[in-house]
Amino acid sequence: MFNIGFVGGVFGLGHRTVRKRRVCPVLKESGRGNGLESVEAGAKIDEIVSSFKSMVELRDRSYMMQMYQNCFVGSDAVDALIEKGFVNSREDAVSVCQLMLTEGIFHHVLREHQFEDAKLFYQFTEGHGEKLVRQGSKVSWSDFIKPGTMEIDDSFQRDMPVSSETPEIARDLPQIDLNVSEQLYPLDEFNLRLLDNAHPSAWKDPQIKPKYQMLVIGGGTGGLVAAAGSAGVGARVAMIEKNLLGGDCLNFGCVPSKALISAAKRYHAVTNEQSLSEFGISVEGARIDFGKVMERLRRLRADISVNDSAERFASKLGVDVYFGEAKFIDKNTVEVNGKMLTFAKCTIATGGSPRLPDIKGIKELFDACHRKEPDAPSIVTNESIFNLTELPRRFAVIGNGAVGMELAQSMTRFGSEVTVFGRNGRIMGKEDADIAKILEDKMTSEGTMFQLNVEKYVGLKKTGVKNGSFMEMELEVVLEGGEPKTFVVDTLLVAAGRTPNVSDLDLENAEIKYDRKEGIIVSDELETSTKGIFAVGDCCSAYKFTHVADFMARLVVRNALFFGKDKFSRLIIPWCTYTEPEIAHVGLYEKDIAGKGEVVTVQKNFADNDRAILEGETEGFVRIHTLKGSDKILGASIVGANAGDLISELTLAMNADYGLGSVASVIHPYPTRADAIRASGDLLNKTRLTPTARTLLRQVLKLQN
């Protein structure tokens, strides 16, 4: 099977340098002299583009049984530039062509090469969608919305977006969907920059291609990787996104949450007097500016958003980008913005949305909050918590999983009074109970309060009292044993699970089977009930992680475009909860292995690791599961500092089928926390030393005397 896993780095979504338009120093001035001369200062590459297009021969060309449409050959282009007198040398011609390629005027057919004087095929960049231009500048969200200030008045409500244009000036601007912008607050320079990248205000749809080899619905992680990967191997690709490119990860998940967690961790480090005194350090006067914390979050999110931007995918990666709602018409057709797009293969990557629990009054108050009604309370999900600009005094969390714990700990460290509510008596239900208890005890010591035995959520209502910018709410619950209790809160975070986004796609028209709670039904190859249509990410998987959506998309590109039979069940999936201490896991838990044989578990405590001792972070351990008589790693958990980084060594070992004994033979630098993984291998080797083996070894030693 042809393996495209890393061809030309087509699956990478790393940063691309944004280049300014440059002048060309090697072009001859038309009709002047025979030697190498520079054009006058400021001459731009645009001046030769129209002439260049007429110089080269465009036609369909084939290579290794693959047909490439309407392309020219690199060496022929060099010949043409010299023949027409633009340059005198092949070296100068290559420089000119490379500059045009850099400017996005044309590209290598597989986007794998820079320009070369060789028998390589290049295509002129077609219309893949672009920002509209008015009066010489690209239209931006700032043309429609005045950037807000960071000042906070006594109202929790934000100003509604208003046009910064007078009616006379704005007449030539298109209608835009302000609902997109209303997801973000405040509409400062950073959020406007994010919008310009993730959902440009005035985007011109691309020219419809006769038939797309891959159509991607959804522009989150799974969709972006599927689109970039398919385009990177030469497929004709379209991507449709109705909301913000980058999906949850960029806009509402991984990126902003880790910025928040990082700030909370640093503030905690300089205000934790007990820990500081142990090191002989005292810090006075440290304070938190929550507004600045959130401003930094928005700035970094906007900086990163260029990686997922519409312009990058259209102009650099060659993907036709559409903004709008996708609707299936039949098994090979999707409608968007009134246009019919036909496809050979399709990937659905529509993600998921936060789920509201069944609590009396919560839906009405949540809707009022998001309609920006006067005196609406502050009820947030992961999609809106990062809009906060003021720290709530009393912060409640419904949900005791990873998202709830990460944000609860951060808000506690910032100074909020935080209460976490749950039903099953513990946090982090999928992790081992003793691991979850380590985190719970840590959070309790920092001030987080837990109510984990809620029998019933009775209701949520406003009190009518305003606490600063926040409208107070009362959450009434029944605790274990029938004890009723009421909690007053200023902000309520709902982190109680997610619902797949599958209801508005008209999946029935394509005969795609799905469940509204579980999502789209897929095979182990990630193909839906309709041949040629695949699904990835939160819309079809219980593994709701960015990195899983990424690798599901890679798998789909291989299976859909290259007749692959890769299976999702073969993926070895790690994950991490980014609390302090971090909790990371890969593979199976002990309870999952029990039926496979006698489980052998080795555990190395960080209290016995020199680096952890020296850094004063000895809580936690490395725990690894094998079967008796084997060193094959079946699963592992790590709780402690940097667990998310450490788990990758064990994930690599499992992927490469290296046993724990092999890991033990790898030299690790001293002192490092990772040495606890190597030491775990030593522990396993000791358990395999049977009494008979010990006796034999003693006999060998005696023979040496």
Side-chain angles (χ1 to χ4, degrees), residues 152-161 178-186 243 248 251-252 256 290 294 352-401 403-404 407-408 410-412 416-423 449-452 454-479 484-499 501 503 517:
I152 302 170
D153 58 22
D154 64 348
S155 171
F156 187 69
Q157 305 304 312
R158 59 174 151 154
D159 294 332
M160 292 296 291
L178 286 176
N179 290 326
V180 174
S181 69
E182 289 179 3
Q183 298 173 89
L184 301 173
Y185 178 79
N243 195 3
D248 257 33
N251 300 292
F252 314 121
F290 189 72
M294 301 307 283
S353 301
R355 182 169 59 234
L356 286 179
D358 186 16
I359 301 174
K360 181 181 177 181
I362 192 170
K363 186 178 186 307
E364 293 78 9
L365 293 178
F366 179 81
D367 290 344
C369 175
H370 287 265
R371 286 195 301 264
K372 318 301 180 297
E373 294 182 0
D375 294 330
S378 173
I379 303 176
V380 297
T381 66
N382 72 293
E383 293 185 352
S384 51
I385 186 172
F386 304 112
N387 291 341
L388 291 176
T389 56
E390 183 179 353
L391 185 69
R393 184 167 69 87
R394 294 162 298 193
F395 186 83
V397 180
I398 294 178
N400 50 10
V403 173
L407 295 174
S410 292
M411 297 302 282
T412 297
S416 292
E417 299 172 10
V418 178
T419 305
V420 176
F421 296 89
R423 290 183 180 273
M449 296 169 283
F450 292 92
Q451 298 290 339
L452 300 175
V454 175
E455 290 186 353
K456 181 181 179 181
Y457 294 98
V458 178
L460 181 71
K461 63 182 181 181
K462 295 191 300 183
T463 67
V465 176
K466 206 165 190 179
N467 182 22
S469 297
F470 300 94
M471 180 62 66
E472 282 186 352
M473 294 173 283
E474 287 184 344
L475 176 62
E476 185 179 353
V477 301
V478 176
L479 302 178
K485 196 162 185 180
T486 300
F487 296 84
V488 178
V489 302
D490 298 311
T491 294
L492 174 64
L493 168 65
V494 178
R498 296 178 65 77
T499 300
N501 296 331
S503 298
K517 291 184 178 180

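Taking each heavy atom of Leu493 and Asn382 in turn, the nearest pair found is CD1-N, 4.2 Å. The minimum heavy-atom distance linking Lys360 with Val458 is given by the pair CB-O, 3.5 Å. For the pair Thr389 and Pro186, the tightest heavy-atom approach, listed with the atom from each and the gap, is CG2-CD, 3.7 Å. In this structure, Val420 and Leu452 approach most closely via the heavy-atom pair O-CD2, 4.2 Å. Across all their heavy atoms, Leu365 and Leu460 have their closest contact at CD1-O, 3.7 Å. Shown here for Cys369 and Ser378, the closest heavy-atom pair between the two residues is SG-CA, 4.2 Å.
In this structure, Leu479 and Glu455 have side chains that are not in contact, with every pair of non-hydrogen atoms separated by 4.5 Å or more. Within the 4.5 Å cutoff, no side-chain heavy atoms of Val494 are placed close to those of Arg355. Annotation: side chain of Val489 is not in contact with side chain of Thr491 (no heavy-atom distance under 4.5 Å). Here the side chains of Thr381 and Ile385 are not in contact, with every heavy-atom distance at 4.5 Å or above. Using a 4.5 Å heavy-atom threshold, the side chains of Leu492 and Ile362 count as touching.
The line from OH of Tyr457 to CG of Asp358 is 12.0 Å long, rounded to the nearest 0.5 Å. Interatomic distance, Ser384 OG to Phe252 CZ, rounded to the nearest 0.5 Å: 9.0 Å. Remark: Lys462 NZ to Asp375 CG distance equals 5.5 Å, nearest 0.5 Å. Interatomic distance, Glu476 CD to Lys485 NZ, rounded to the nearest 0.5 Å: 13.0 Å. For the atom pair Ile379 CD1 and Leu356 CG, the distance stands at 8.0 Å (nearest 0.5 Å). Considering CD of Gln451 and CZ of Arg423, their distance stands at 13.5 Å, rounded to 0.5 Å.
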Walk me through it: do Asn251 and Leu184 pass the test side-chain contact (heavy atoms from CB on, under 4.5 Å)?
CA-CA 9 Å; Asn251 300 292; Leu184 301 173; 5.6 Å; no
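At most 12 non-hydrogen atoms from other residues, nucleotides or ligands lie less than 6.0 angstrom from NZ of Lys461.
Checked by atom type and distance alone, the side chain of Thr412 pairs as donor or acceptor with a backbone atom of Ala408 at under 3.5 Å. Looking at Thr463, its side chain does come within 3.5 Å of a backbone N or O of Val465 through a donor-acceptor pair. In this structure, the side chain of Arg498 engages the main chain of Gly352 through a donor-acceptor pair within 3.5 Å.
In the model, Gln183 has a side-chain atom that pairs as donor or acceptor with a side-chain atom of Asn243 under 3.5 Å.
Lys456 meets the salt bridge (charged side-chain N to carboxylate O under 4.0 Å, His left out) test with no other residue; sequence neighbours excluded. Legend: residues meeting salt bridge (charged side-chain N to carboxylate O under 4.0 Å, His left out) with Arg393, ordered by chain and number and at least two apart, are Glu417. Shown here are the salt bridge (charged side-chain N to carboxylate O under 4.0 Å, His left out) partners of Glu472, two or more places apart in sequence or in another chain: Arg394. Under the side-chain hydrogen bond (donor to acceptor under 3.5 Å, both in side chains) criterion, Lys363 pairs with Asp367, sequence neighbours left out. Partners of Phe421 according to the ring-ring contact (aromatic ring centres under 6.0 Å, His included) rule, which considers only residues two or more places apart in sequence or in another chain, are Phe487.
Contacts classified as ring-ring contact (aromatic ring centres under 6.0 Å, His included) and involving residues 369-400 (residues at least two apart or in different chains) are given here: Phe366-His370.
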